[in-house]
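Note that ligands are numbered from 1 as they come in the structure, with each ligand's atoms numbered from 1 the same way.
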Amino acid sequence: MQRFKDKVALITGGTNGIGFATAEQFISEGGKAIITGRSKETVNRAVEKLGANAQGIVSDAGNITDVLSLQEEIKAHTDVVNLLFANAGYGKFSDVASADESHFDELFNTLVKGTFFTVQQVLPLLITGSSIILNTSFVTEIGMANFSVYSAAKSAVQSFIKTFAAEFTEKDIRVNGVSPGHIKTNIFNNTGLSAEQIEGAIQSIIPSIPFKRLGSPGEIAEAVLFLASDQASYIHGTELTVDAGTSVIR
Ligand SMILES: NC(=O)c1ccc[n+]([C@@H]2O[C@H](COP(=O)([O-])OP(=O)(O)OC[C@H]3O[C@@H](n4cnc5c(N)ncnc54)[C@H](OP(=O)(O)O)[C@@H]3O)[C@@H](O)[C@H]2O)c1
């Protein structure tokens with residue numbers, strides 16, 4: 001399939017995991033992808049792997065100065081964006097008693113403020129018929145201990161899906177969200193846990209997943225690209241949960 005022939009995607013957090021898989025599949029279907037990440041090394045490495053139809057921008061979604069210069073940085077590569085996938089982010093987890101203000105500010109700055117101003121920056125470049133997809137999380141649907149700040153931040157992003165959809169309807173821009181379950185990416189590496197603790201956490205999570213396995217980044221990318229494609233032309237203001245039923249099956 002060549003659903004994205006000559007289309008341009010801006011994928012924040014595209015150096016790894018879900019964002020990288022989405023860039024890879026978008027390019028394999030004829031598109032060009034501009035990815036962001038926090039360091040020159042990770043961005044350059046990913047662009048090299050993605051090939052000639054990829055470009056990179058070093059931009060930290062948790063740094064408002066970086067986010068507010070995104071539009072100018074994108075314009076160095078293109079005047080038009082057909083898909084914005086606001087995906088940059090990570091999870092950090094803490095119980096309520098030990099969470100400090102920096103934990104709260106870090107997650108809200110990156111996930112909420114970063115997403116909001118990324119959309120604001122890219123909006124003038126999004127043409128009629130384009131699509132915005134926000135990455136939320138299945139954790140917004142359940143109560144998980146130690147996830148209070150991360151879940152609240154992702155719930156704010158979930159709320160943007162509806163309000164942005166309302167506001168951008170007249171621009172003919174569709175807005176939707178993808179809500180991943182437990183996906184095998186580098187997400188655990190930002191949590192401060194050791195490799196052994198990460199393996200322990202994964203093994204304790206697996207029994208709670210109906211399919212008894214983690215999802216792959218490619219399985220989320222498929223959902224993102226469906227939402228971005230013409231096949232989803234009547235889907236607007238909603239969220240597609242891709243979690244093997246983890247949030248709804250008991
Ligand atoms: N994996 C899961 O189980 C899961 C479940 C639900 C939702 N999600 C969401 O999916 C998104 C992608 O995560 P992932 O699982 O694919 O993790 P990942 O493999 O660690 O990838 C995260 C990506 O985001 C980038 N990134 C992180 N912080 C950033 C920042 N402040 N500014 C710009 N880029 C940043 C990373 O790039 P650099 O390191 O190069 O900066 C990397 O490309 C996140 O929003 C996460 O919350 C993941």
Side-chain angles (χ1 to χ4, degrees), residues 10-25 33-50 54 56-70 73 85-93 105-115 117-118 121 133-142 144 147 149-158 160 177-193 198 201-202 205-206 208-209 213-221 223-224 239-244 246-247:
L10 189 275
I11 299 171
T12 66
T15 66
N16 236 311
I18 294 167
F20 182 83
T22 305
E24 223 174 9
Q25 291 187 24
I34 305 171
I35 60 162
T36 73
R38 288 164 295 182
S39 79
K40 210 172 170 182
E41 292 69 38
T42 54
V43 170
N44 287 348
R45 199 182 319 131
V47 167
E48 201 170 305
K49 278 199 235 164
L50 289 167
I57 296 172
V58 178
S59 179
D60 181 346
N63 178 331
I64 192 66
T65 310
D66 279 8
V67 178
L68 292 181
S69 55
L70 208 46
E73 303 243 30
F85 181 32
N87 162 76
Y90 50 80
K92 276 199 177 168
F93 313 108
D105 288 346
E106 181 183 342
L107 288 173
F108 268 73
N109 280 339
T110 304
L111 299 173
V112 186
K113 199 170 171 184
T115 298
F117 287 102
T118 294
Q121 282 290 306
I133 294 161
L134 308 182
N135 192 337
T136 59
S137 172
F138 79 105
V139 299
T140 59
E141 304 308 319
I142 52 183
M144 281 177 96
F147 275 65
V149 180
Y150 177 76
S151 278
K154 287 293 190 179
S155 296
V157 175
Q158 189 180 46
F160 289 153
V178 67
S179 178
H182 294 292
I183 310 303
K184 195 169 175 15
T185 67
N186 280 345
I187 195 160
F188 287 104
N189 299 349
N190 285 297
T191 54
L193 297 176
I198 291 172
I202 291 172
I205 284 167
I206 285 178
S208 72
I209 305 171
R213 67 169 177 87
L214 300 182
S216 72
E219 288 174 306
I220 305 303
V224 173
E239 197 182 22
L240 181 51
T241 302
V242 188
D243 71 347
T246 305
S247 56

- Message: When you compare ligand 1 with S39, is there at least one nitrogen or oxygen pair between them that comes in under 3.5 angstrom?
- Response: no
- Would you check whether S59 reaches within less than 4.0 Å of ligand 1, judged by its heavy atoms? yes
- Query: Hey, which of I220, I183, I18 is the one that makes side-chain contact (heavy atoms from CB on, under 4.5 Å) with V242?
  - Reply: I220
- Query: Do I183 and ligand 1 have an N or O pair less than 3.5 Å apart?
  - Reply: yes
- Query: With a 4.0 Å cut-off on heavy atoms, is K154 touching ligand 1?
  - Reply: yes
- Query: Of all the non-hydrogen atoms in the protein, which one sits nearest to atom 32 (N) of ligand 1, and at what distance?
  - Reply: A61 N, 2.7 Å
- Heavy-atom side-chain contact between Y150 and S137 under 4.5 Å: yes
- Touching ligand 1 at all, P217? Heavy atoms, strictly under 4.0 Å? no
- Message: I'd like to know whether ligand 1 has F20 as a neighbour, heavy-atom separation below 4.0 Å.
- Response: no
- Task: Would you name the heavy atoms of A21 and G218 that are closest together and state the gap between them?
- Result: CB-N, 3.9 Å
- Message: Just to be sure I read this right, does ligand 1 sit under 4.0 Å from the backbone of T136, its side chain, both, or neither, counting only heavy atoms?
- Response: backbone
- Item | Close approach of N63 to ligand 1, heavy atoms, under 4.0 angstrom | no
- Minimum-distance protein heavy atom relative to atom 38 (P) of ligand 1: T15 OG1, 3.5 Å
- Task: Please say whether G13 places an N or O atom under 3.5 Å from an N or O atom belonging to ligand 1.
- Result: yes
- Task: Write out the residue and atom name of the closest protein heavy atom to atom 8 (N) of ligand 1, then the distance separating them to 0.1 Å.
- Result: Y150 OH, 3.8 Å
- Kindly confirm or rule out an N or O of D60 lying under 3.5 angstrom from an N or O of ligand 1. yes
- Message: Is the contact between N186 and ligand 1 made by the side chain, the backbone, both, or neither, using heavy atoms and a 4.0 Å cut-off?
- Response: both
- closest protein heavy atom to atom 22 (C) of ligand 1 is G89 O, 3.7 Å
- Message: Just to check, does G181 reach to within less than 4.0 Å of ligand 1 when the distance is taken from its heavy atoms?
- Response: yes
- Under 3.5 Å donor-acceptor, T140 side chain and S151 backbone: no
- Item | Min side-chain heavy-atom separation I35-V47 under 4.5 Å | yes
- Query: Do any nitrogen or oxygen atoms of L111 come within less than 3.5 Å of a nitrogen or oxygen of ligand 1?
  - Reply: no
- Polar-atom distance check: T42 versus ligand 1, any N or O pair below 3.5 Å? yes
- Look at the side chain of T36 and the backbone N and O of G13, then say whether any donor-acceptor pair between them is shorter than 3.5 Å. yes
- Item | Atoms of ligand 1 close to T110 [distance to a heavy atom under 4.0 angstrom, numbered from 1] | 31 (N)
- Heavy atoms of V67 and Q121 approach each other most closely as O-CG, 3.1 Å
- Query: Could an N or O of ligand 1 be found under 3.5 Å from any N or O of I18, whether backbone or side chain?
  - Reply: yes
- Item | Trace of the side-chain contact (heavy atoms from CB on, under 4.5 Å) decision for N135 with V157 | CA-CA 8 Å; N135 192 337; V157 175; over 6 Å; no
- Note on the structure: Filtering T115, N87, N135, I187 for the heavy atom nearest atom 45 (O) of ligand 1 leaves N87
- Item | Heteroatom proximity flag, F138 to ligand 1, N/O under 3.5 Å | no
- For the residue pair E141 and T241, confirm or rule out a side-chain donor-acceptor distance under 3.5 Å. no
- Give a yes/no verdict on whether any heavy atom in G14 is under 4.0 Å from an atom of ligand 1. yes
- Message: Geometry only, no angles: is T185 polar-contacting ligand 1 at N/O separations under 3.5 Å?
- Response: yes
- Taking side chain as C-beta onward, heavy atoms only, is L111 less than 4.5 Å from K154? yes
- Query: Would a 4.5 Å heavy-atom cut-off, applied to side chains only, mark K49 and F20 as touching?
  - Reply: yes
- Which heavy atom of the protein is the closest neighbour of atom 34 (N) of ligand 1, given with residue, atom name and distance? A88 CB, 3.5 Å
- Task: Determine the minimum heavy-atom distance between A223 and V178, stating which atoms define it.
- Result: CB-CG2, 4.0 Å
- Query: Nearest heavy-atom pair of F138 and G181: which atoms, and what distance?
  - Reply: CD2-CA, 3.3 Å
- Of the protein's non-hydrogen atoms, which lies at the shortest distance from atom 21 (O) of ligand 1, and what is that distance? N16 CB, 3.8 Å
- Which heavy atom in P180 sits nearest to a heavy atom in D243, and how many Å separate them? C-CB, 4.4 Å
- Query: Given the rule in the side-chain contact (heavy atoms from CB on, under 4.5 Å) test, do N16 and T42 qualify, once you have shown the distances and angles that lead to the verdict?
  - Reply: CA-CA 8 Å; N16 236 311; T42 54; 5.8 Å; no
- Task: May I ask you to check whether R38 has an N/O atom sitting below 3.5 Å from an N/O atom of ligand 1?
- Result: yes
